[in-house]
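Computed from heavy atoms alone, side chains included, the values below leave out hydrogens, waters and symmetry copies.
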Amino acid sequence: GVALNIPRRFTPTTRTVPTPTEVAPWVDAVATIWDDDAYAQTLAQRAAQELERYSFRNVAEQTVAFFNDVASR
């Protein structure tokens, strides 16, 4: 995916609007995804792979394996 920094001054209690300079990387990232179909597809495929990693089935299997391992000790 695309990871962008949020300026430190922004917290859950911040009530100010970001500056154009602070917003620019976000706008550029969206524009790149919008304009580059191959890049957008790559990001979508990566997201789908990550989603599968956290599917109920995978998490349940890992959880059961963990407790079976603990119980066997």
Side-chain angles (χ1 to χ4, degrees):
V2 177
L4 298 168
N5 291 325
I6 298 173
R8 287 187 182 274
R9 73 182 186 93
F10 291 101
T11 68
T13 61
T14 303
R15 299 293 181 250
T16 58
V17 176
T19 67
T21 301
E22 292 169 330
V23 172
W26 295 75
V27 172
D28 291 344
V30 171
T32 300
I33 295 166
W34 185 269
D35 292 337
D36 188 337
D37 288 338
Y39 182 57
Q41 283 294 341
T42 298
L43 292 178
Q45 289 169 350
R46 288 180 190 165
Q49 290 169 348
E50 287 301 308
L51 179 65
E52 177 60 24
R53 212 170 88 170
Y54 295 102
S55 71
F56 177 79
R57 180 180 47 83
N58 283 341
V59 172
E61 288 173 359
Q62 291 172 7
T63 302
V64 168
F66 171 79
F67 283 110
N68 283 339
D69 183 52
V70 169
S72 71
R73 293 175 191 223

Atom CD of Gln62 and atom CZ of Arg57: how far apart are they, to the nearest 0.5 Å? 10.0 Å
Could you list who else is in Trp26's hydrophobic cluster, with ILVMFWY side chains joined at under 4.5 Å, directly or through other members? Val2, Leu4, Ile6, Phe10, Ile33, Tyr39, Leu43
Suppose the criterion is salt bridge (Lys or Arg N to Asp or Glu O under 4.0 Å): which pairs have a residue in residues 5-21, not counting sequence neighbours? Arg9-Glu22
Give the intermediate values and the outcome of side-chain hydrogen bond (donor to acceptor under 3.5 Å, both in side chains) for residues Thr19 and Thr21. CA-CA 5 Å; Thr19 67; Thr21 301; 4.5 Å; no
Any non-hydrogen side-chain atom of Asp28 less than 4.5 Å from a side-chain atom of Pro25? no
Will you find, in the side chains of Thr14 and Thr16, an N or O donor that is under 3.5 Å from an N or O acceptor? no
Hits for side chain to side chain donor-acceptor pair (under 3.5 Å) against Asn5, two or more places apart or cross-chain, chain-then-number order -> none
If you measure from CD on Gln49 to CD on Gln45, what distance do you get to the nearest 0.5 Å? 7.0 Å
For atom CD of Gln41, is the number of surrounding heavy atoms from other residues, nucleotides or ligands below 6.0 Å larger than 12? no
